[in-house]
Amino acid sequence: MSKDKSLRKRDGFDGQRLIVIPKKIVSDFLIDDPITRQVYITDIGYYPRALFHYAQRSQGINQHIIIYCTDGYGWIDINKKRIQIAPSQFIAIPANTPHAYGADEKIHGRSIGHISREKMRDSSLT
């Protein structure tokens, strides 16, 4: 394994915060409530000074993801393109879209916040 890959980490950063809404609340309330069923947050996190932060999802996940860079620099691989992300920029990753993202180790990592939410349901089906 190369040195770069051995330093990658998904979480465990000093000051990291992560809130995940319990699946029971999502399934028993959020997906059926007329106000929240169109859009609701399932996970929200903050990863300060996230040097070596890295995540890869070759199949994507069943949630939309918004990543907001608060400082430092990073990148996102999506749709066979690498997109650089800088302070005060964000990117949305659609549900079920293969992707990878990480801190740019050459430019001192980054701090990010992320929000995941369930795929919007088609209201014509309810």
Are any non-hydrogen side-chain atoms of [X] and [Y] less than 4.5 angstrom apart?
X: Y101; Y: R57; answer: yes
X: T70; Y: Y46; answer: yes
X: I91; Y: H99; answer: no

side-chain contact (heavy atoms from CB on, under 4.5 Å) against I21, all qualifying residues, sequence neighbours excluded: I25, V26, L30
Partners passing side-chain contact (heavy atoms from CB on, under 4.5 Å) against P94 (at least two apart in sequence or in another chain): H64, I78, T97
Got a second to check how far [X]'s [atom1] is from [Y]'s [atom2], nearest 0.5 Å?
X: I61; Y: T42; atom1: CD1; atom2: OG1; answer: 7.5 Å
X: Q38; Y: I31; atom1: CD; atom2: CD1; answer: 12.0 Å
X: I35; Y: Y40; atom1: CD1; atom2: OH; answer: 15.0 Å
X: N96; Y: Q63; atom1: CG; atom2: CD; answer: 10.0 Å

Check [X] against [Y] and note the closest heavy-atom contact, atom names and distance.
X: W75; Y: A103; answer: NE1-O, 3.5 Å
X: A86; Y: C69; answer: O-CB, 3.4 Å
X: Y68; Y: S88; answer: OH-CA, 3.5 Å
X: D32; Y: S27; answer: OD2-O, 3.9 Å
X: A100; Y: Y54; answer: CB-OH, 4.3 Å

Criterion side chain to side chain contact (heavy atoms under 4.5 Å, CB included) against V20, the qualifying member of I41, D43, I44: D43
Within residues 79-99 or reaching into it, pairs that qualify as salt bridge (Lys or Arg N to Asp or Glu O under 4.0 Å) - sequence neighbours excluded: D77-R82
Salt bridge (charged side-chain N to carboxylate O under 4.0 Å, His left out) against D28, all qualifying residues, sequence neighbours excluded: K24
Set of residues satisfying side-chain hydrogen bond (donor to acceptor under 3.5 Å, both in side chains) with respect to N79, sequence neighbours excluded: none
